[in-house]
2 protein chains.
Amino acid sequence: MKYIEKLRNSGLRPTKQRLQICEVLFDRDKTFHFTINELERKIKKQTDSKISLATVYNTVHAFEKKGYLKQIPINSSETYFDTNVTDHHHFYDLKEEKLIDLENSDVGPINILKKINGKKIKSVEVLVKLED
Amino acid sequence: MKYIEKLRNSGLRPTKQRLQICEVLFDRDKTFHFTINELERKIKKQTDSKISLATVYNTVHAFEKKGYLKQIPINSSETYFDTNVTDHHHFYDLKEEKLIDLENSDVGPINILKKINGKKIKSVEVLVKLED
DNA sequence: TGGTAGTTTATAATGATTCTAAAAAAGTGT
DNA sequence: ACACTTTTTTAGAATCATTATAAACTACCA
């Protein structure tokens, strides 16, 4: 399994559940935007085994802490995560309630002119809301 | 009262509760970032009367729909609102969990090069996360 | 193989938000 | 001011995402 090393290197034991979640999350061409509940449904569909909801939460948070997933800042009742952990941005289609990646190269350079005393910029994220 | 007309013009009856909430929200120099619970505490402090939590929710949502408040897209357990409804952006101080306004003029022009078929851009919001 | 630290799990607890339905207040016409 | 309709407020219940708990299980290492 290609994910066993990845997990071990992060100090996470490669359990059956984590490996299954890795497959659902990372065996993809395109990046994947999801909520915990969408992920749980996908796991049920792709694998026969059932993974406890608590484990899905635990694993997603563990992967986020290790930098394999990113939260997407957006107002929604459920938290959205992204398998694309590079610096990039998002469209949010308000009607369809769908997220679309917006690569850094598709946004002109962003220059933050205001400085805050004693603070460093950790990230700059752009959310572009779309309507019809 | 200066808010009576504003409410009536929006089709909202100027009730005692709404007028009190207007005062807490809008009688300010600087813009105000808040969660429902922070607002409720502020109402309790500034006015002697107690406004039901449900009313605070109703009112904030009514004001948002009328365009007097904006939700701030950010991942937090509570929803943040902003009395500054002009196009602008935010710093988010991760340690202090505080929002700071970032005016449009403090951000270089943002040029979204990617176009989505049949969709118009409604808003462009930047969230700049700060660390020490 | 045994021990221990890390994981999974079902379930309970929490906390923000929304719903409900009855009481109160505001608006309208007389 | 009065009767009537509509909107609003309210306390409390319901909902829903997320987190906590603590017991059973599993991976790892000596």
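All values derive from a computational prediction rather than experimental measurement. Throughout, a chain's letter reflects where its sequence line sits, starting with A, and its residues are numbered from 1.
In the set D/dT9, C/dT9, C/dA10, the nucleotide with an atom closest to the side chain of A/Thr55 is C/dT9.
With axes fitted over five pairs at each extremity, the angle between the ends of the helix from C/dT1-D/dA30 to C/dT30-D/dA1 is 30° (10° resolution).
At least one cation-pi condition fails for B/Lys98 and B/Phe91: the charged atom is not both under 6.0 angstrom from the six-membered ring centre and inside a 45 degree cone around its axis. Taking the centre and axis of the six-membered ring of A/Tyr68, the NZ or CZ atom of A/Lys6 falls inside the cone set by 45° and 6.0 Å.
At whole-Å resolution of the value, CD1 in B/Ile51 and C1' in C/dA24 are 15 Å apart. Rounded to whole angstrom, the span from the CG atom of B/Asn75 across to the C1' atom of C/dA16 amounts to 15 Å.
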In B/S/- notation (B base, S sugar-phosphate only, - none; protein heavy atoms under 4.0 Å), nucleotides 16-21 of chain D written 5' to 3' is -SBBB-

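The salt bridge (Lys or Arg N to Asp or Glu O under 4.0 Å) pairs that include a residue from residues 119-132 of chain B are A/Asp93-B/Lys119, A/Lys119-B/Asp132, A/Glu125-B/Lys129, A/Lys129-B/Glu125, A/Asp132-B/Lys119, B/Lys95-B/Asp132, where partners are two or more places apart or lie in different chains.
Aromatic ring orientation, B/Phe26 versus B/Tyr3: tilted (interplanar angle from 30° to 60°).
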Atom pairs and distances, side-chain donor-acceptor, residues 36-43 of chain B, under 3.5 Å, sequence neighbours left out:
residue: B/Asn37; atom: ND2; partner: B/Glu78; partner atom: OE1; Å: 3.2
residue: B/Glu38; atom: OE1; partner: B/Thr35; partner atom: N; Å: 3.2

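The side chain to side chain donor-acceptor pair (under 3.5 Å) search around A/Thr31 returns A/Asp101, not counting sequence neighbours.
Between A/Lys50 and the phosphate of C/dA10, there is a side-chain N or O to OP1/OP2 separation shorter than 4.0 Å.
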Set out, line by line, the N/O atom pairs under 3.5 Å between protein and nucleotides 26-28 of chain C.
residue: C/dA26; atom: N3; partner: B/Arg13; partner atom: NH1; Å: 3.3
residue: C/dG27; atom: OP1; partner: B/Arg8; partner atom: NH1; Å: 2.9

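Remark: side-chain polar atoms of A/His61 are not paired, donor with acceptor, to backbone N or O of A/Thr59 under 3.5 angstrom. Counting only distance, with no hydrogens or angles, the side chain of A/Arg13 and the backbone of A/Arg8 share no donor-acceptor pair below 3.5 Å. Within the 3.5 Å criterion, the main-chain N or O of B/Thr47 finds no donor-acceptor partner in the side chain of B/Lys50.
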